[in-house]
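Only one structure is covered here, and it is reproduced in the block below.
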Amino acid sequence: MQFRGITLLALLWCVFVAPAWATPQILATICHDQHGMSVASLPLQGGKFVCSSILKVPETGRYVIDFKNTTTIAHFQHELIDHSGGRIILNGGISSEDQNPFLLRHGREVHLSAGTYHLITRLNSPYYLAQPELFVSEIHSYQQRINMSSAGALLMLGVLMGIFTYYIGIGMARGHHTERMYALFILGNLIFQGAALGAFSQLLGWHWFYLTSLPILFSNLAYVSFVCHLLGINQFNRPRLYQLSLIAQSLLVAMLVAALMFPNWMLEMDRYGVGIFLCFGLICGIRLSLQKHITAQLYLVAITVFGILGGLSISANRLTTQIWTIEQLGLLAVTVEAVLLALLVAYQINRMQKEKERMLAELQNTRSIAMTDRLTGMPNRHALENKLMHFPKHGCLIFLDMDNLKFFNDHYGHEVGDKLLKHFSSYLSEKLDNNAQLYRLGGDEFAIVCYEDDVEWCQHQVEYTNKQLQNEGFNGTGASMGIVFGHEAQETTELMRIADKRMYADKRSRKDRKEMMHALHS
């Protein structure tokens, strides 16, 4: 039994104690500023610092020295001194020209023998996003852990790039201020995140350190303008919220000026700026949501989610994990916000498009009513005038004046007269088919626009129509005609005047013939 107990204790030690002991350990870290004063933690306003540590390496192998919490470091240098005085120096940082072996991280690979080392780390940066804390890890374990976080960060950067490209394309069109401001907001965050994570320095060779803060100051201004355009906030519609937006923009401009004057406070200005536009967005979202503003209600959901994630990222100083950094946490917050806002803007565009289609349909319906004769359903005089504006030279215009409409109205009532007009227009329009178009000018006057100069064919269709009406009991029906060809006049009014004149001439001529025939028979 005693032997079994010893065996069990040995097994537990191997499982729990030995791995912890086998892990490299950094002990007794002390940091001093450029004046030699000891500091408990590095101020976020940056500066030059030297941190001394004891590094215990349990076994010989390949290791990686890196920082957790943050990657926003301009320059750093690791100096490893072994017991014999041998030195290993490793340099890096966003502003450094040294090649990074690991994507989006500041890890530096080194082969170490088992033993104790004196680790001296020199830091020089205008500001820090969070506390840069050293850790040492075995290389294979390090690669497995950071591959996931680096892949996630690249994916989120790709999402931001896709959203920016789409909405800047829309924003280039005139009148799309919402999409334009939204694209600028995304661009500022895209540059900031790409620079802070080291993607620009590693992939593009851009080493200007202030890309890790300056773009956000402009992005914050674009965001306030975006909210105003998205929610329809202006000096006429919602004056109080508009005044609030002016105050927010004034504060952001003041922070931009202060950041340019005091670069060490630039990242702090970013934090305050994010807080300002978050408060502005929440106030606008809550205020308009209470007024049943649908877009504002959807926006409030997006800004609330971003407020939670973004609040954590701008307030955090340390993380318990070595895998993720605060920059990546901020990237997650911005990506979620960007996707939610992209859906919201897409909803807004879709809603505006449907509203536009509805208004166009109403306009078309109104135009159709204005261009249609209510009794017969035929196009009216206005429609004819519009048509004649593009009248072909080889076409012809025929004015018609029906016979005996007044007779049917006086003797049988206007209901019968209306029936005559309806049947005449219906039968004749059907016979004309697609070769010509019938118009009602008013009263007993009609017009035919024939796209070819086939006058005889049109006259035959009118005669067939009159015969069909006579078969229905409308005796004495007929029509006087006035014909004009497209080449006879340039102006619409002149064409109609000639056709009208010839129609009345034909009417007098037909009346004279009837009177002559009546006289001969009597």
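- A side-chain donor-acceptor contact under 3.5 Å links His78 and Thr121.
- Side-chain polar atoms of Arg108 and Asn91 form no donor-acceptor pair below 3.5 angstrom.
- In this structure, the side chain of Asn69 engages the main chain of Leu319 through a donor-acceptor pair within 3.5 Å.
- Classified by interplanar angle (parallel below 30°, tilted 30° to 60°, perpendicular above 60°), the ring pair Phe226/Tyr182 is tilted.
- The aromatic rings of Phe67 and Phe76 lie perpendicular to each other, with more than 60° between the two planes, well past the 30° mark.
- A salt bridge does not link Arg62 to Glu138: none of the charged side-chain nitrogens sits closer than 4.0 Å to a carboxylate oxygen.
- Side chains of Glu327 and Thr70: a donor-acceptor N/O pair is present below 3.5 angstrom, by distance only.
- In this structure, His111 places its NE2 atom where more than 12 heavy-atom neighbours from other residues, nucleotides or ligands lie under 6.0 Å away.
- The pair Glu355-Arg358 counts as a salt bridge, with a side-chain nitrogen and a carboxylate oxygen less than 4.0 angstrom apart.
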- Item | Evaluation steps, side-chain hydrogen bond (donor to acceptor under 3.5 Å, both in side chains), between Tyr347 and Thr295 | CA-CA 8 Å; Tyr347 164 79; Thr295 302; 5.2 Å; no
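- Aromatic ring orientation, Phe185 versus Phe277: perpendicular (interplanar angle above 60°, classes split at 30° and 60°).
- A donor-acceptor contact under 3.5 angstrom links the side chains of Ser137 and Arg145, judged on distance only.
- In this model, no donor atom of one side chain and acceptor atom of the other lie less than 3.5 Å apart for Tyr439 and Glu385.
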